[in-house]
Structure formats: structure tokens, C-alpha cells
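These notes concern the structure reproduced below.
Chain identifiers are assigned alphabetically (A, B, ...) following the order of the sequence lines, protein sequences preceding nucleic acid strands; residue numbering begins at 1 within each chain.
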Amino acid sequence: MNDIDIINDILKGNNRKYELLVDAYQRQVMATCMGFVHHRDDAMDLTQEVFVKAYRALATFQGKASFATWIYRIAVNTCLEHLRKKKKKQTLWLFDQGNDRMEPSHTQTPQHEAEQNELQQQLQSAIDSLPENQRIAFVLSKYDELPQAEIARVMMMTEGAVESLLQRAKKNLQKKLSSLAKEF
Amino acid sequence: MNCSTFQQQIWNDASQLGFAEKKALTEHLNHCAECKAISHQVEAVQQLIDSEKNINTDAMMSQRIMNAIYAEPSPRNITWGNLSYKLMVAASVAVAIAIGTSLPILLNNNSSETTTTMNEMAYLDDVTLEGLDSWLIEP
Ligand SMILES: [Zn+2]
């Protein structure tokens with residue numbers, strides 16, 4: 001049963017079939033969300049939001065793109081929307097986001113753990129500080145391991161444009177990482 | 001090969017490199033401090049990405065999503081009420097885009113900032129627009 005058959009069944013009223021799509025794409029959507037928010041619980045909430053949004057819009061899915069491309073697009077938009085709302089909140093309250101990120105593993109000494117945690121946050125910040133389109137292309141390429149052709153479909157760009165975005169993203173990251181070089 | 005080529009290879013998955021390429025890269029890293037440093041940095045980024053993308057979700061994640069889905073009305077219920085609402089939104093979006101695109105032309109403003117914002121808008125509204133597109137052709 002392919003995605004289109006499943007969607008047709010759901011549109012006929014068999015909403016339980018949606019679980020097949022959730023099971024098929026949940027891991028990828030979660031990876032995309034982690035790439036943008038680096039926080040497990042936030043990423044899980046966003047993943048749920050993505051699937052609910054996709055479900056609500058299911059009747060409008062035309063099959064012009066594959067369901068995978070479509071849900072990646074919804075995932076990217078949902079994450080960007082979330083980050084914008086969060087940025088607004090932070091500007092209002094100037095909260096420290098230090099403890100909001102992914103926790104390090106618990107198999108290390110406290111000092112090593114603290115250092116690792118700091119490095120991890122610096123790497124996350126370096127990714128987050130990329131210009132938006134570079135960041136989207138980078139997350140889809142590295143977190144979802146999508147080929148450039150699929151990234152191009154998700155972002156509605158040419159493959160050449162995606163390639164150029166990825167090259168610039170890597171150059172920019174390299175620059176940012178060089179300034180942290182002493183940490184490595 | 002120069003450093004720039006090696007630095008591109010550093011970002012690629014090692015499994016994508018051929019035997020000769022891998023060997024040349026390893027030899028280069030033994031002699032070039034700059035590329036060696038970049039290689040360590042990229043490795044750290046890759047480790048972060050691997051740990052994040054393979055993070056365990058709640059075992060009940062599917063169930064949690066499906067519970068949210070069961071609370072939703074069926075997606076097939078397209079009523080004339082929300083269709084006309086969607087048409088109004090479509091019209092507003094069209095007007096906003098028309099104003100947005102014509103203003104810079106009227107003001108003869110060719111700054112790259114304006115272009116980025118418009119591209120971004122078109123991109124961000126895609127899901128909505130794809131939806132609206134089909135709402136319009138639905139009888
Ligand atoms: Zn070099």
C-alpha cells in the first residue's frame with residue numbers, strides 16, 4: 001500500500017490508517033526538528049504538531065510532490081515558526097536558554113561533562129547562527145541525510161542552488177568553528 | 001589537490017570517498033595543520049548531529065500523535081463555511097503579495113534584503129498556498 005492509497009483511505013474516513021504514515025515518517029520528522037531545536041522534548045512536541053498539521057491539510061494534498069517532500073516542508077515551516085515565536089519571547093524576557101538544550105550523556109565525570117556540554121552548546125549555536133536557507137539545507141542534508149535533489153524539492157529550488165547553499169553553510173560553519181578552535 | 005578540495009572532502013561522508021582519495025586525504029592531514037584542525041571540528045559537529053538525530057523518542061510517540069489525531073475532525077470534512085474562509089485568506093494573501101512586490105518597484109528599491117524577505121515569504125506560505133490552491137479548485 002503506497003502513501004497515496006493510505007491517504008485516500010484516510011480521506012474516506014479510515015483515520016486509523018494515519019498511523020502508517022506516522023510510523024513511516026516519524027523518525028525523519030523528529031530528526032529535522034532536532035536539527036532546528038536541539039532539544040528532545042521540544043522536538044517531540046514539534047513532531048506531533050507537524051503530523052497534526054499534515055492531517056488537517058490532508059484533503060489539500062494533491063500528490064504534486066511526494067508525501068515525504070510535503071511533510072518535510074511542513075516540518076521545516078513548523079520549526080521556523082517555533083523558533084520565531086521563541087525568539088520573540090526571549091526578546092521580551094531575556095531568558096537564559098543555557099539549560100534548554102540536549103543533555104550530555106551521564107557516563108562522564110562532572111568536569112568533563114560540563115566541558116562537553118559547553119562545547120555542544122557552542123556547536124549548536126554555530127549551526128543555529130547560519131542564515132535561514134543555509135540552515136534549512138544543512139539540517140536536511142546532515143540530520144535527514146537527504147540527497148540534494150530531494151532538498152531541492154523540499155525547498156523548491158534548483159539542485160545547483162542547494163549545492164551552493166550547502167557549500168556556503170559549510171564555509172560559514174568552518175569560520176565559526178575556527179574561532180572555537182581552542183576547545184577541540 | 002589543494003587545501004580547499006581536501007576541506008570539501010572532510011565534510012563528506014568517508015564512505016563516499018574512493019580508496020585513493022581517502023589515502024590522499026589521510027596523507028594531507030598528516031602534514032597540514034589547518035586541514036587537520038578543520039577535520040577535528042567537522043568530526044565534533046558530526047558527533048553532535050549523530051547524537052541528536054538518533055535520539056530515542058518516547059516509545060509511546062506514535063500513540064501520542066494518534067491520540068491527537070483522534071481528537072481532530074476528519075480531514076475530508078470540507079464545508080462551504082471554511083471554504084469561503086479559505087478563499088478570503090487566499091484573497092488577502094494575494095493582495096499582500098501584490099502590495100509587497102509592487103512597493104519595492106514603485107519605490108525603486110533593489111536592496112537584497114527585500115528580495116530575501118519575499119523569497120522567504122513565498123517559501124513559508126507554501127504549505128498554506130498548496131492547500132489554498134486545491135481549495136480553489138474544489139467544487
Ligand atoms: Zn590543508
Side-chain angles (χ1 to χ4, degrees), chain A residues 10-13 15-16 18-19 22-23 26-27 30-31 34-35 38 40 43-44 47-48 51-53 55-62 64-65 70 73-74 76-77 80-81 102 105 119-120 123-124 126-127 131-133 142-145 155-156 166-167 170 173-174 177-178 180-181 183-184, chain B residues 4 7-8 10-13 34 37-58 60-78 86 116 119-120 122-138:
Chain A
I10 299 164
L11 293 176
K12 281 178 198 154
N15 61 357
R16 288 186 181 276
Y18 196 64
E19 196 163 1
V22 172
D23 285 341
Q26 187 201 122
R27 200 192 63 80
M30 180 72 186
M34 277 302 288
H38 313 289
R40 182 178 176 267
M44 280 171 62
T47 300
Q48 178 174 326
F51 280 104
V52 170
K53 272 187 187 171
Y55 182 78
R56 285 179 188 155
L58 211 57
T60 72
F61 177 73
Q62 296 171 318
K64 279 183 197 165
W70 194 64
R73 224 174 265 164
I74 297 175
V76 169
N77 285 338
L80 293 178
E81 202 180 297
M102 208 181 97
S105 75
L119 174 63
Q120 205 171 52
L123 294 175
Q124 289 165 340
I127 296 173
E132 194 164 276
N133 274 351
K142 289 286 173 185
Y143 283 79
D144 291 295
E145 295 177 40
M155 297 183 75
M156 293 185 292
L166 285 171
Q167 271 174 8
K170 289 168 186 175
L173 265 181
Q174 237 164 263
L177 296 174
S178 303
L180 306 172
E183 312 278 345
F184 294 93
Chain B
S4 156
Q7 284 167 19
Q8 274 180 24
I10 287 168
W11 277 101
N12 291 339
D13 187 351
E34 192 193 334
I38 289 172
S39 160
H40 282 309
Q41 292 154 13
V42 171
E43 211 174 290
V45 173
Q46 194 56 56
Q47 275 173 11
L48 169 80
I49 292 170
D50 289 342
S51 68
E52 289 189 342
K53 76 179 180 195
N54 295 320
I55 197 163
N56 286 329
T57 52
D58 192 331
M60 303 300 284
M61 187 70 192
S62 293
Q63 203 47 56
R64 187 180 136 177
I65 294 173
M66 286 313 291
N67 287 342
I69 295 302
Y70 295 140
E72 290 286 319
S74 170
R76 64 186 167 154
N77 293 336
I78 302 165
K86 294 275 175 180
T116 311
N119 286 342
E120 204 174 82
Y123 176 65
L124 285 173
D125 284 344
D126 173 62
V127 171
T128 326
L129 289 176
E130 182 172 11
L132 291 170
D133 192 25
S134 82
W135 288 108
L136 291 171
I137 56 167
E138 201 83 30

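With a 4.5 angstrom heavy-atom cutoff, A:L166 does not touch chain B via any of its atoms. Heavy atoms of B:Q46 lying under 4.5 Å from chain A belong exclusively to its side chain. Contact of A:V22 with chain B is made through the side chain alone, with heavy-atom distances under 4.5 Å. For chain A, no part of B:D50 is nearby; none of its heavy atoms comes within less than 4.5 Å.
Interatomic distance, B:Y70 OH to A:Y55 OH, rounded to the nearest 0.5 Å: 8.5 Å. Considering CD1 of B:I10 and NZ of A:K170, their distance stands at 11.5 Å, rounded to 0.5 Å. With rounding to the nearest 0.5 Å, the separation of CD in B:Q47 from CG in A:L119 is 9.0 Å.
Counting heavy-atom pairs closer than 4.5 Å to chain B, the top residue among A:E145, A:Q174, A:Q167 is A:Q174. Chosen from A:M30, A:R27, A:K12, A:K53, the residue pairing most often with chain B at heavy-atom distances under 4.5 Å is A:K12.
Proximity of A:L173 to B:Q41: side-chain heavy atoms (C-beta onward) are nowhere separated by under 4.5 Å.
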*Given the rule in the side chain to side chain donor-acceptor pair (under 3.5 Å) test, do A:Q26 and B:S62 qualify, once you have shown the distances and angles that lead to the verdict?*
CA-CA 8 Å; A:Q26 187 201 122; B:S62 293; 2.8 Å; yes
*Test log, rule side-chain contact (heavy atoms from CB on, under 4.5 Å), inputs A:E19 and B:M66*: CA-CA 7 Å; A:E19 196 163 1; B:M66 286 313 291; 3.8 Å; yes
*CA sep, side-chain torsions, deciding dist, call: B:L48, A:I127, side-chain contact (heavy atoms from CB on, under 4.5 Å)*: CA-CA 11 Å; B:L48 169 80; A:I127 296 173; 3.9 Å; yes
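What you find for A:I10 and B:P75 is that their closest heavy atoms are CG2-CG, 4.1 Å. The shortest heavy-atom contact between A:K142 and B:W11 is NZ-O, 2.9 Å. Of all non-hydrogen atoms in B:I69 and A:V52, the two that sit nearest each other are CD1-CA, 4.0 Å.
Screening residues 61-72 of chain B for salt bridge (charged side-chain N to carboxylate O under 4.0 Å, His left out), with sequence neighbours left out, gives A:D45-B:R64, A:R56-B:E72.
Between B:E52 and A:R40 there is no salt bridge, since none of the side-chain N atoms of the basic residue sits less than 4.0 Å from a carboxylate O of the acidic one.
Residues passing the side chain to side chain donor-acceptor pair (under 3.5 Å) test with A:D144, sequence neighbours excluded: A:T32.
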